[in-house]
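Contents: one structure, followed by commentary.
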Amino acid sequence: MEIEKYLRKGGMMMAPERAKSQRVFLSGDHSQYHGGSAAVISAIRRMLPDVTFAETGGPFDTLIVNGEGSMHHDSAHFVAKMEQLAAAQMLGKKPVW
């Protein structure tokens, strides 16, 4: 999977004691109404069993944006997610999409 390669490269697949200190904000969970999104969210959570997922508005080290089903045609969801990625990058966070 492409995201797994990126996460391994970016250091997210790390020693369990270090991974537990990582706070990941997972944006774009549309599982309730989009099957593809549900599959992606499930896969991300399985690949990162040792990280702490941050609550909305809470502090985080890494932003993961699930774009499944929304990253196209300049939709409002697309624009919002791209703005999240840009803001995270400006704050020195690790954005992944």
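The residues of the chain are indexed from 1 along the displayed sequence. Everything numeric here is computed off the predicted structure, so don't read it as measured data.
Listed by first and then second residue, the salt bridge (Lys or Arg N to Asp or Glu O under 4.0 Å) pairs that reach into residues 27-36 come to none, sequence neighbours excluded. Sorted by first and then second residue, the pairs that involve residues 84-93 and meet side-chain hydrogen bond (donor to acceptor under 3.5 Å, both in side chains), not counting sequence neighbours, are S27-Q84. Residue pairs meeting the salt bridge (Lys or Arg N to Asp or Glu O under 4.0 Å) criterion with at least one member in residues 70-91: none, sequence neighbours excluded. Pairs engaging residues 56-67 under the salt bridge (Lys or Arg N to Asp or Glu O under 4.0 Å) rule: R23-D61 [sequence neighbours left out]. Applying the ring-ring contact (aromatic ring centres under 6.0 Å, His included) rule to pairs touching residues 31-51 yields H30-Y33, sequence neighbours excluded.
Expressed to the nearest 0.5 Å, how far CD1 of I41 lies from OG of S31 amounts to 5.5 Å. The distance from atom OG1 of T52 to atom CD of Q22, rounded to the nearest 0.5 Å, is 9.0 Å. Remark: I64 CD1 to F53 CZ distance equals 6.0 Å, nearest 0.5 Å.
Listed by chain and number, the residues in a side chain to side chain donor-acceptor pair (under 3.5 Å) with S42 are R46 (sequence neighbours excluded). Evaluation of the side chain to side chain donor-acceptor pair (under 3.5 Å) rule for E68 yields no partner, not counting sequence neighbours.
Residues V79 and M82 form no side-chain contact, since every pair of their non-hydrogen atoms from C-beta on lies 4.5 Å or further apart. Between V96 and L63, every side-chain heavy-atom pair lies at or beyond the 4.5 Å cut-off.
The residue from V24, V51, L48, L26 that alone fulfils the side chain to side chain contact (heavy atoms under 4.5 Å, CB included) condition with T62 is V24.
The two residues S37 and G28 make their nearest non-hydrogen contact at OG-O, 3.4 Å. Of all non-hydrogen atoms in A54 and F25, the two that sit nearest each other are O-CD1, 3.7 Å.
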